Amino acid sequence: KIDSVASASIESLQMDFAEAHNKRLFIHYDTVIDNDKNNINLNFLKSDFFIEKEKSFFIKGGKGKTETIKFQGMDYDKIFSVIKEGYKAHTGKTWEQRKGPRVGKSEIFKEMVVNTLDKTSKEDLLNLKTNLEKIGITILDMSLHNDEGYIDQELNVKKYNHHLHLIFANCDNNGIVKRWQKKDLSALQTIVAKTLGMNRGEYGSKTKRLSAQQYKQYAKDMADKSKLLNKDIRELEKELKATQRVLAMTKQENKDLAT
């Protein structure tokens with residue numbers, strides 16, 4: 001595994017792309033190095049919160065080519081309507097009467113990416129959902145990826161990047177929006193570490209988990225370094241064999257001169 005230190009980062013949600021990618025409805029990144037049999041997908045919405053979607057996405061190794069797929073995706077408009085209704089029932093005010101900055105779909109629906117272990121289980125994910133919702137967010141979907149990483153050419157082994165994608169509504173069941181402060185982000189790291197049985201990162205650390213694009217570049221760099229190292233090793237082996245031949249010839253010449 002690449003890292004056993006807990007890390008959780010909150011990102012903007014690319015709604016349809018995230019669902020299709022997380023469920024492996026298409027393969028977009030070169031970092032997918034295995035089949036998805038060990039992945040775990042959990043969704044916590046009733047069936048009437050899904051609608052038929054048809055989207056085009058760039059495909060892995062397609063050199064700019066796209067693939068159009070149809071799938072049952074989350075109906076974010078309907079989910080948002082339910083959130084607004086819950087807020088009104090709880091506060092007596094409409095969503096538009098809320099105080100503070102405007103909060104639309106892009107502010108409500110977020111994605112969280114979390115480092116995991118190769119042994120992270122479905123039970124761990126359900127416990128994480130419970131613990132995260134205690135801090136005021138609502139988990140909609142979880143996708144555990146055990147099929148990404150890169151291939152170490154030197155050792156001829158797969159180096160896995162075990163991680164979890166969570167799609168969540170950034171509010172509680174009453175529609176109260178979560179305002180993330182520094183202490184909340186720190187608590188988030190602690191929750192993830194304790195729930196998944198991982199090491200907690202250093203308090204106050206500014207280290208961030210790599211984004212998908214950053215990890216893709218990291219994996220490519222590691223693979224390229226491995227290839228270069230293998231090339232260097234082959235060159236050294238050639239030089240060693242040549243040196244051994246010269247030594248053998250010199251030894252024979254010295255032997256001939258002695259007789």
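Everything numeric here is computed off the predicted structure, so don't read it as measured data. Side chains included, hydrogens not; waters and symmetry mates left out as well; all remaining heavy atoms used.
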Pair [X] + [Y], salt bridge at N-O below 4.0 Å:
X      : Y      : answer
Lys55  : Asp16  : yes
Asp172 : Lys178 : no
Arg24  : Asp147 : yes

Flag for Thr130-Asn127: side-chain donor and acceptor within less than 3.5 Å: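 There is no such pair (donor and acceptor under 3.5 Å, judged by atom type) between the side chains of Asn127 and Thr130.
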
Side-chain H-bond candidate by donor/acceptor type, His162 with Asn146, under 3.5 Å: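 Present: a donor and an acceptor within the cut-off.
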
More than 12 non-hydrogen atoms from neighbouring residues, nucleotides or ligands closer than 6.0 Å to [atom1] on [X], yes or no?
X      : atom1 : answer
Lys93  : NZ    : no
Glu52  : CD    : yes
Asn173 : CG    : no

Side-chain heavy atoms of [X] within contact of [Y], under 4.5 Å:
X      : Y      : answer
Asn170 : Thr138 : no
Leu42  : Leu144 : no
Ile83  : Trp95  : yes
Asn115 : Val5   : no
Asp184 : Gln181 : yes
Ile51  : Lys78  : no
Ile33  : Tyr160 : yes

Would you check if the side chain of [X] reaches a backbone N or O of [Y] as a donor-acceptor pair within less than 3.5 Å?
X      : Y      : result
Ser81  : Asp77  : yes
Gln189 : Arg200 : no
Thr91  : Tyr87  : yes

Connected via hydrophobic side-chain network under 4.5 Å: Ile108 and Leu13: yes

Face-on cation placement of Lys84 at Phe80 ring, 6.0 Å and 45° thresholds: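 Pair Lys84/Phe80 counts as cation-pi.
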
Residue pair Lys122 / Ile40: nearest heavy atoms and the distance that separates them: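 Taking every non-hydrogen atom into account, N-CD1, 3.8 Å.
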
Among Lys23, His165, Glu111, side-chain contact (heavy atoms from CB on, under 4.5 Å) partner for Asp141: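 Testing each of Lys23, His165, Glu111 against Asp141, the sole residue satisfying side-chain contact (heavy atoms from CB on, under 4.5 Å) is Lys23.
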
Asn43 vs Met74, side chain to side chain contact (heavy atoms under 4.5 Å, CB included): CA-CA, chis, key distance, verdict: CA-CA 10 Å; Asn43 190 279; Met74 287 186 279; 3.8 Å; yes

Geometric class of the Phe57/Phe71 ring pair [parallel <30°, tilted 30-60°, perpendicular >60°]: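 Geometry flag for Phe57 against Phe71: tilted rings.
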
Aromatic centroids of Phe49 and Phe44 separated by under 6.0 Å: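 Centroid distance Phe44-Phe49: not below 6.0 Å, so no.
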
